[in-house]
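Taking it in order: structure first as structure tokens, then the write-up.
Just follow the structure's listing: the first ligand is 1, and inside any ligand the first atom is 1. Being a predicted model, the structure only gives us computed values, none of them experimental.
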Amino acid sequence: MHDDIQEILLSEEVIQNKVRELGKQLSQEYEGKNPLCICVLKGAAPFMADLVRRMEIPLEMDFMAVSSYGAYTQSSGVVRIVKDLDTPVEGRHVLVVEDIIDSGLTLSYLLELLRGRNTASAKVVTLLDKPTRRTTGLKPDYSGFEVPDAFVVGYGLDYAEKYRNLPYIGVLKEEIYSV
Ligand code: 5GP
């Protein structure tokens with residue numbers, strides 16, 4: 001285990017089993033719909049890469065970047081598009097792939113934006129959900145795990161751009177971000 005990690009919340013094996021399960025479920029739901037899977041960069045990249053390989057149906061991928069926490073651990077409430085989609089979404093079944101939903105601000109904004117572009121459907125799959133932190137009415141359509149109100153890193157999730165490559169999800173030692 002990495003020295004900066006206090007506790008592993010979800011092991012690599014537990015994550016991969018869940019991703020397999022979600023992939024199977026989504027394959028059934030999106031059969032014949034050629035969904036456009038939208039990865040919200042950068043945190044959702046490992047989840048997206050694993051998930052699409054467990055979806056055994058034709059699909060397309062695209063990537064979007066929005067401003068989020070940066071080096072801080074609290075949402076600013078300001079969402080800015082840093083990189084927009086390359087694919088037109090009108091009439092498409094879009095599936096937004098997220099790493100974690102906290103306040104829900106980022107996703108509420110994104111869904112509104114996508115629906116405004118006349119998608120056939122716009123749903124959300126998130127690996128992690130922190131429902132106790134929600135300030136919006138947003139509920140993910142598909143969710144991997146509920147996590148407690150702690151700042152987590154690994155499997156795409158960063159602190160100041162570090163720890164994204166850990167294969168597990170863990171809680172960072174408090175001294176790392178209190179300095
Ligand atoms: P929301 O808009 O739902 O408050 O925040 C969503 C974004 O905040 C996520 O995509 C992620 O980038 C970041 N975030 C929220 N909670 C955590 C956390 O516990 N750890 C990390 N590393 N990022 C988080």
Side-chain angles (χ1 to χ4, degrees), residues 1-12 14-15 18-19 22 36-52 61-85 94-116 122-179:
M1 180 164 93
H2 194 292
D3 277 352
D4 297 352
I5 301 295
Q6 180 186 299
E7 181 199 351
I8 294 181
L9 277 187
L10 301 164
S11 69
E12 181 172 4
V14 165
I15 295 171
K18 183 63 79 176
V19 172
L22 285 169
L36 179 67
C37 298
I38 299 176
C39 173
V40 185
L41 295 169
K42 302 171 193 170
F47 178 42
M48 170 89 158
D50 287 344
L51 184 68
V52 292
M61 293 163 57
D62 204 344
F63 299 84
M64 224 175 163
V66 295
S67 61
S68 66
Y69 288 4
Y72 305 97
T73 58
Q74 289 233 319
S75 185
S76 63
V78 179
V79 180
R80 190 169 56 90
I81 295 184
V82 179
K83 185 221 167 284
D84 206 338
L85 298 169
V94 303
L95 178 66
V96 179
V97 181
E98 255 291 19
D99 49 1
I100 188 165
I101 306 179
D102 191 41
S103 68
L105 282 168
T106 313
L107 263 183
S108 301
Y109 176 86
L110 263 186
L111 284 175
E112 211 167 295
L113 180 104
L114 291 168
R115 286 176 182 142
K123 291 190 175 183
V124 176
V125 54
T126 185
L127 182 67
L128 306 179
D129 188 8
K130 276 187 195 170
T132 55
R133 297 261 307 169
R134 202 76 89 250
T135 57
T136 57
L138 190 117
K139 281 200 182 79
D141 300 279
Y142 311 94
S143 167
F145 305 96
E146 284 195 3
V147 287
D149 180 13
F151 191 75
V152 296
V153 296
Y155 196 66
L157 290 155
D158 74 311
Y159 174 65
E161 295 302 325
K162 286 171 73 180
Y163 315 109
R164 291 194 197 274
N165 59 329
L166 298 179
Y168 51 83
I169 288 167
V171 180
L172 205 54
K173 286 180 181 163
E174 207 159 306
E175 68 250 33
I176 305 296
Y177 55 88
S178 57
V179 287

Per atom 6 (C) of ligand 1, closest listed option by heavy atom (Thr106, Thr135, Ile101, Asp158): Thr106

Sole candidate of Thr126, Val19, Asp99 that passes side-chain contact (heavy atoms from CB on, under 4.5 Å) when paired with Phe47: Val19

N or O pair under 3.5 Å between Val153 and ligand 1: no

Heavy atom of Ser108, distance to ligand 1 below 4.0 Å: no

Ligand-residue contact atoms, ligand 1 with Leu105, heavy atoms, under 4.0 Å: 2 (O), 3 (O)

Pairs flagged by salt bridge (charged side-chain N to carboxylate O under 4.0 Å, His left out) wherever residues 39-50 is involved - sequence neighbours left out: Lys42-Glu161, Asp50-Arg53

Ligand 1 contacted by Lys130 (non-hydrogen, < 4.0 Å): yes

Backbone N/O of Phe63 and side chain of Lys83: donor-acceptor pair under 3.5 Å: yes

Proximal atoms of ligand 1 relative to Glu98 (non-hydrogen, under 4.0 Å): 10 (O)

NE2-CG distance between His2 and Leu166, expressed to the nearest 0.5 angstrom: 6.0 Å

Pairs where residues 137-153 contributes a residue and the test salt bridge (charged side-chain N to carboxylate O under 4.0 Å, His left out) is met, not counting sequence neighbours: Arg133-Asp149

Location of contacts on Asp99 toward ligand 1, heavy atoms closer than 4.0 Å: side chain

Proximity of Ala150 to ligand 1 by residue part, where a heavy atom lies under 4.0 Å: backbone

Close approach, Tyr159 and ligand 1, non-hydrogen under 4.0 angstrom: no

Side chains of Leu85 and Leu114 in contact at under 4.5 Å (non-hydrogen atoms): yes

Min heavy-atom dist Gly104 to ligand 1 below 4.0 Å: yes

Check: Asp102 main-chain N/O paired with Arg134 side-chain donor or acceptor under 3.5 Å: yes

